[in-house]
Participant: 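First, the structure itself, so that you have it in front of you.
Since the structure is predicted, the reported quantities are computational estimates derived from the model, not experimental observations. Each chain gets a letter, A, B and so on, in the order its sequence line appears, and its residues count up from 1.
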Number of protein chains: 2
Amino acid sequence: MESRVERIKQQLHSASYKLTPQREATVRVLLEHEEDHLSAEDVYLLVKEKSPEIGLATVYRTLELLTELKVVDKINFGDGVSRYDLRKEGAAHFHHHLVCIECGSVDEIQEDLLEDVEEIVEKQWKFKIKDHRLTFHGICYRCHDDDDQNNDDAN
Amino acid sequence: MESRVERIKQQLHSASYKLTPQREATVRVLLEHEEDHLSAEDVYLLVKEKSPEIGLATVYRTLELLTELKVVDKINFGDGVSRYDLRKEGAAHFHHHLVCIECGSVDEIQEDLLEDVEEIVEKQWKFKIKDHRLTFHGICYRCHDDDDQNNDDAN
DNA sequence: ATTAGTGCAAATTGTTTGCATGTTT
DNA sequence: AAACATGCAAACAATTTGCACTAAT
């Protein structure tokens, strides 16, 4: 974990930015919530717990910076807010998402399932792919089981 | 085209909504710009050309309604605005998009390239897929050709 | 008459910006 | 002191809402 911070620090430096205390606090929150899909506001509140002086604008600026450096990906699931998702280290491509329309959960698929599809797209549409976004909307395994077994809170 | 309007009218009726003149004007604009990815504001301005009395709020409400009825899909390419994309009639799944990071163009792929991927996701993640969003970011064939042949405006 | 739908303006929300202040070299 | 970074408040932009009015059954 420390090394993760260290490596992000390198990335910032090589783009001639500094890892200020505020930026570090923000990065740490992102690392501690790697599984989540936090909005800027979410990040702000979490950072504030440990570093109460931080301003929302700084969080926005930091997230923008990290997006630019491809440390995080800015995503949008259709509710009004942008969410920020830490890239797995060394991940060639952005992971996929499963959004449950029942419970709102968002799970991640790390495996790259698009290799074949991308080959087709590159060839047939002559499109040089740099990145992708793939999100499935549906019913997650948790809600699915609920449907079958117990209908406790069905209404 | 007329029949398209007619069928959307049916859909509205069966959900007990009416096809008011404002709604019809909005639907017609969407039909006339099927290839585009219009924002609410875009739609508003286009509708206004023919029906100057219409209000922006009505356009928003109509687009929301059409989204709910799955006549259109609300999409978001990461710039700050929602865009509205008419579903192809009878399309089982939402089409895919190619967003060019050079020229900003957005092309559509109507073919469903995800059948195999979806089978894997449904089986391995026990996730019942209802819909998907797939967008590739990269260089479109137009900008690609530019790179190879003439570097007129390369800087 | 009742209900659904509209237009306008005001309100709300997420995000960005200007600027005076603080920090680091 | 120069350059960069921060916090705050104000500005902004997209979208939503309240409400008086209209249209249609």
Participant: When you check the gap from the basic side-chain N to the acidic O, do Arg28(B) and Glu24(B) get nearer than 4.0 Å?
Facilitator: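 Counted as a salt bridge, because a side-chain N and a carboxylate O are separated by less than 4.0 Å.
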Participant: Indicate, with yes or no, if the rings of His132(B) and His137(A) have centres closer together than 6.0 Å.
Facilitator: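 Judged by ring-centre distance (under 6.0 Å), His132(B) and His137(A) do not meet the cut-off.
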Participant: Does dA14(D) have OP1 or OP2 under 4.0 Å away from a side-chain N or O of Ser82(B)?
Facilitator: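 No, no such contact exists.
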Participant: Give a yes or no on whether a salt bridge exists between Asp107(B) and Arg142(B), defined as a side-chain N under 4.0 angstrom from a carboxylate O.
Facilitator: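 Arg142(B) and Asp107(B): salt-bridged.
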Participant: Which of residues 41-66 of chain A have a heavy atom under 4.0 Å from DNA chain C?
Facilitator: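 Going residue by residue through residues 41-66 of chain A, the ones with a heavy atom under 4.0 Å of DNA chain C turn out to be Leu56(A), Ala57(A), Tyr60(A), Arg61(A).
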Participant: Taking atom C1' of dA4(C) as reference, at what distance in whole Å does atom CG of Leu19(B) sit?
Facilitator: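 Taking atom C1' of dA4(C) as the reference, CG of Leu19(B) is at 14 Å.
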Participant: What is the separation between atom CZ on Arg23(A) and atom C1' on dG22(C), rounded to the nearest whole Å?
Facilitator: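 Arg23(A) atom CZ is separated from dG22(C) atom C1' by 14 Å.
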Participant: Determine the minimum heavy-atom distance between Lys48(A) and Ile54(A), stating which atoms define it.
Facilitator: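 Heavy atoms only, the tightest pair is CE-O, 4.0 Å.
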Participant: Suppose we call two aromatic rings close when their centres sit under 6.0 Å apart. Are His97(A) and Phe136(A) close by that rule?
Facilitator: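 That pair fails the under 6.0 Å test.
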Participant: Between dG5(C), dA14(D), dT6(D), spot the one nearest the side chain of Thr20(A), thanks.
Facilitator: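 Selected nucleotide (nearest to the side chain): dT6(D).
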Participant: Between His93(A) and Glu118(A), which heavy-atom pair has the shortest distance, and what is it?
Facilitator: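 Result for this residue pair: NE2-OE1, 3.5 Å.
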Participant: Just to confirm, is there a sub-4.0 Å distance from OP1 or OP2 of dA23(D) to any side-chain nitrogen or oxygen of Gln22(B)?
Facilitator: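 For Gln22(B), the contact criterion (side-chain N or O under 4.0 Å from OP1 or OP2 of dA23(D)) is not met.
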Participant: Just how far, in rounded Å, is P of dT16(D) from CD of Glu68(B)?
Facilitator: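 Checked: the CD to P distance equals 13 Å.
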Participant: Which part of the nucleic acid does Ser39(B) contact within heavy-atom distance under 4.0 Å: base, sugar-phosphate only, or nothing?
Facilitator: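 If one applies the 4.0 Å heavy-atom cut-off, Ser39(B) turns out to touch nothing in the nucleic acid.
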Participant: Please state how far atom CG in Asp79(A) lies from atom P in dT13(C), giving the value in whole angstrom units.
Facilitator: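 Between P of dT13(C) and CG of Asp79(A): 14 Å.
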Participant: Specify the separation, in whole Å, of atom CZ of Arg83(B) and atom C1' of dA13(D).
Facilitator: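 After rounding, the gap between these two atoms is 14 Å.
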